[in-house]
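Here is how names work: the chains are called A, B, and so on, in the same order as the sequence lines, proteins then strands, and each is numbered from 1.
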There are 2 protein chains.
Amino acid sequence: MLIGELSKRAGVTAHTIRFYEKSGLIRGKRDERVKSNKYKHYDEETVEKLMLIRDAKSVGFTLAEIGQLIDAWYSRRMPVAHKLTVLNEKLVSLDERIRQLKAMKKMISQYKQDVADGHC
Amino acid sequence: MLIGELSKRAGVTAHTIRFYEKSGLIRGKRDERVKSNKYKHYDEETVEKLMLIRDAKSVGFTLAEIGQLIDAWYSRRMPVAHKLTVLNEKLVSLDERIRQLKAMKKMISQYKQDVADGHC
DNA sequence: TTAAAGTATAGACTATACGCTAAGGTTGTT
DNA sequence: AACAACCTTAGCGTATAGTCTATACTTTAA
């Protein structure tokens, strides 16, 4: 599929897709048999990758981290041991974030209680 | 205390403190009796606010959101009902973030299992 | 066949959250 | 009085993650 269809399928603008491609997160390929244009073609995996980017961004991963994640997810060349290391790192950082979020929840809840009780 | 001491107490550079002040998150006040300089003085509450900013930033709140939080926390003028509304909004968004983080953890764990089992 | 719609590249622009430097005045110690 | 250490405003620079504009070529539909 071309960038327009990819854009619709993934719910991401063509501009942003090009930005991700320039950042090395995804890659389209030209059809070498076609000489008249330089249109890039994208596959189903790219749709998945864009969805992964969206989800991972929403939990606070940076594009650099998401790049590592995509490599661990889709690279045929990365050794399994390295993939597991990357995935474990991400799991640890997710746990740490959850821990911090819970601490913040506790703080806000406590303060809410104080406000409600008139200690303000 | 002056900005240098505040900086040390809160572990934030003077530059960043000035940036926060310009952003409306904190406020120092000049001693009007002193005419020879324009030094600003900060109180203990400001140290607390800077710590709150640090913690809230680490869980992904933007400075704009942190501004609302600080108002709910410290404003003497904001009605209690409004404070509670703001705090409840933050609690809801924290729960949503925790939910997303857990979903991402699940995804990565599942994929890790697949990789470990050689389905890659 | 020509106008609309799609694609490519390059580069300028935006917002957030700072970091850094300059140029100047003030305070404290010796 | 000299000098370090501190404070002020102003403004430019940086990284991330886009967003938009300009220019130009290609494809598609009427």
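- For the pair B/Gln68 (side chain) and B/Val86 (backbone), a donor-acceptor distance under 3.5 Å is absent.
- Rounded to an integer number of Å, the gap from CZ of B/Arg18 to C1' of C/dA17 is 17 Å.
- One N or O donor and one acceptor, one from the side chain of B/His15 and one from the base of C/dC20, sit under 3.5 Å apart.
- Contacts of B/Thr13 with the nucleic acid, taken as non-hydrogen atoms under 4.0 Å apart, involve only primed sugar atoms and P, OP1 or OP2.
- Atoms CG and CD1, on B/Leu6 and B/Ile17 in that order, are 4.0 Å from each other to the nearest 0.5 Å.
- Not one side-chain nitrogen or oxygen of B/Ser36 sits closer than 4.0 Å to the OP1 or OP2 atom of C/dG25.
- Of the possible polar contacts, one joining the B/Ser23 side chain to the B/Phe19 backbone as a donor-acceptor pair under 3.5 Å is found.
- Proximity of B/Tyr20 to the phosphate of C/dA17: no side-chain N or O atom is located under 4.0 Å from OP1 or OP2.
- The separation between A/Lys22 atom NZ and D/dC20 atom P is 16 Å, rounded to whole Å.
- In the hydrophobic clustering of ILVMFWY residues, with side-chain heavy atoms under 4.5 Å counting as a link, A/Ile66 and A/Met78 come out apart.
- Remark: B/Lys38, B/Tyr39, B/Lys40 in residues 37-55 of chain B come within less than 4.0 Å of DNA chain D through at least one heavy atom.
- Between A/Ser23 and the phosphate of D/dA17, there is no side-chain N or O to OP1/OP2 separation shorter than 4.0 Å.
- Taking the side chain of B/Leu2 as heavy atoms from C-beta on, and the options C/dC18, D/dC7, D/dT9, the nearest nucleotide is D/dC7.
- Of the N and O atoms on the side chains of A/Asp43 and A/Thr46, at least one donor lies less than 3.5 Å from an acceptor on the other residue.
- Under a 4.0 Å N-O distance rule, the pair A/Glu96/A/Arg99 qualifies as a salt bridge.
- Here the C1' atom of nucleotide C/dG6 and the CE atom of A/Met1 are 16 Å apart, to the nearest Å.
- Counting to the nearest Å, the P atom of D/dA5 and the CD1 atom of B/Ile3 are 19 Å from each other.
- Taking five base pairs at each end of the helix from C/dT1-D/dA30 to C/dT30-D/dA1, the local helix axes there meet at an angle of 10°, rounded to 10°.
- Taking atom NZ of residue B/Lys8 and atom P of nucleotide D/dC7, one finds them 8 Å apart after rounding to whole Å.
- Taking a 4.0 Å limit (strictly below) on heavy-atom distances, residues 61-69 of chain A reaches DNA chain D at A/Thr62, A/Leu63.
- In this structure, the side chain of A/Arg9 does not engage the main chain of A/Met1 through any donor-acceptor pair within 3.5 Å.
- As a whole-Å value, the separation of A/Phe19 CZ from C/dA8 P is 17 Å.
- Atom CD1 of B/Ile17 is separated from atom P of D/dC6 by 14 Å (rounded to the nearest Å).
- Taking all atoms of both residues into account, the shortest heavy-atom contact from A/Ala72 to B/Tyr111 is O-CE2, 3.5 Å.
- A/Arg27 contributes no side-chain N or O that, together with a main-chain N or O of A/Leu25, makes up a donor-acceptor pair within less than 3.5 Å.
- Side-chain contact check for A/Phe61 versus B/Met104: some heavy-atom pair is nearer than 4.5 Å.
- An OP1 or OP2 oxygen of D/dG18 is reached within less than 4.0 angstrom by a side-chain nitrogen or oxygen of A/Lys57.
- Residues A/Glu48 and A/Tyr74 approach most closely at OE1-OH, 2.9 Å, considering heavy atoms.
- Panel note: side chain B/Glu65, backbone B/Thr62; a donor-acceptor pair is recorded below 3.5 Å.
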